[in-house]
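Data first, discussion second: the structure below is written as structure tokens.
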Amino acid sequence: MSKTIYVLNGPNLNLLGTREPHIYGHATLADVEKLCADTAKQFGLTADCRQSNREGELIDFIHEARAKAAAGIVINAGGYSHTSIALHDALVAAQLPAIDVHVSNIHAREDFRRHSYIARAALGSICGFGVDGYRLAIMGLAARLGAAPADEAEDTDEGDDAGAASAGPLTLAIDVQGDEAESGADAGQSPAAPAA
Ligand code: DHK
């Protein structure tokens, strides 16, 4: 299995840190990409981070993830989340576990932000946790993939692994996934299956 997670950011997310900081916070896209790389590394995974302001290029990234049989996709499609049937279709075609991420709480904002085409093609959605949502998305994917935290798997005490993700939530995520018979997490759906 590939150990690469594609982390895709859509339009205007290159402006993170300076764009409406009261909504999107002060962390930059570079901060987000480092957070993703550090979190993925904790699970023995690699984050391949891309950003584009163009819908077609985002679709090409999803096709690339499909062609390379990536482990999964974390995607914040920005404004395209609310408009793009083409991105939805690309994710369905990819048949990879995908997580729909939004920095802001899209349900507490304008009505037009409340619907996400991406969410319909995703394993799950995370919004409202600021850029920490990317970390939570990777943790969720790792749990679904059965990827153990590197410090548990290798029992090492590496100083540089003491990044944003702490042992407690990681352990919880793995425990939840391990209890899937009761939680219904695999209730007959493929990982990328749209919600009913
Ligand atoms: C980012 C955007 O650019 C908006 O168009 C979405 C999303 C919300 C976010 O919260 O990350 O509506």
Side-chain angles (χ1 to χ4, degrees), residues 4-40 45-65 70-92 94 96-144 163-165 169 173 191-192 194-195:
T4 301
I5 292 173
Y6 278 62
V7 179
L8 306 182
N9 278 293
N12 301 308
L13 291 161
N14 53 315
L15 301 181
L16 274 176
T18 58
R19 168 200 187 200
E20 298 175 276
H22 58 292
I23 295 175
Y24 297 104
H26 293 277
T28 65
L29 182 62
D31 295 332
V32 167
E33 293 183 346
K34 181 174 184 328
L35 176 65
C36 290
D38 289 349
T39 306
L45 300 167
T46 302
D48 189 334
C49 300
R50 315 278 181 90
Q51 188 274 332
S52 178
N53 292 322
R54 285 169 287 281
E55 186 177 20
E57 191 168 19
L58 292 165
I59 291 168
D60 289 342
F61 293 155
I62 294 169
H63 290 180
E64 182 183 315
I73 298 173
V74 170
I75 178 166
N76 181 350
Y80 289 140
S81 309
H82 319 300
T83 63
S84 181
I85 295 170
L87 277 170
H88 165 277
D89 289 351
L91 286 168
V92 171
L96 298 172
I99 311 290
D100 174 47
V101 172
H102 305 277
V103 174
S104 64
N105 180 356
I106 57 172
H107 301 288
R109 300 181 63 193
E110 302 96 323
D111 281 351
F112 63 80
R113 295 186 202 276
R114 298 189 65 180
H115 176 263
S116 166
Y117 283 102
I118 306 302
R120 210 179 150 79
L123 181 64
S125 260
I126 294 172
C127 74
F129 289 93
V131 298
D132 216 26
Y134 293 88
R135 179 173 73 87
L136 298 172
I138 292 174
M139 289 168 62
L141 263 184
R144 171 54 67 107

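We count ligands from 1, going down the list as the structure has it; atoms in each ligand are counted the same way. Along the sequence shown, residues carry numbers from 1.
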Do any nitrogen or oxygen atoms of [X] lie less than 3.5 angstrom from nitrogen or oxygen atoms of ligand 1?
X: V103; value: yes
X: N12; value: no
X: H102; value: no

Please write down residue, atom name and distance for the protein heavy atom closest to [atom].
atom: atom 5 (O) of ligand 1; result: G79 N, 3.1 Å
atom: atom 6 (C) of ligand 1; result: H82 NE2, 3.4 Å
atom: atom 10 (O) of ligand 1; result: S104 OG, 2.6 Å

Mind listing the closest non-hydrogen atom pair of A47 and A40 along with its distance? N-CB, 3.8 Å
Enumerated ligand 1 atoms positioned under 4.0 Å from heavy atoms of R113: 4 (C), 5 (O), 6 (C), 12 (O)
Are [X] and [Y] packed together at the side-chain level, in the sense that at least one heavy-atom pair is separated by less than 4.5 angstrom?
X: D31; Y: L35; value: no
X: V32; Y: C49; value: no
X: N76; Y: Y134; value: yes
X: L13; Y: R19; value: yes

Given F112, Y134, Y80, Y24, identify the one with the heavy atom nearest to atom 7 (C) of ligand 1. Y24
Please check: side-chain N/O of N53 versus main-chain N/O of N12, any donor-acceptor pairing under 3.5 Å? yes
Within reach of ligand 1, part of N76 (heavy-atom separation under 4.0 Å): side chain
If you measure from each heavy atom of E20 to ligand 1, is any distance below 4.0 Å? no
For the residue pair F112 and H82, does the interplanar ring angle fall in the parallel (under 30°), tilted (30 to 60°) or perpendicular (over 60°) class? perpendicular
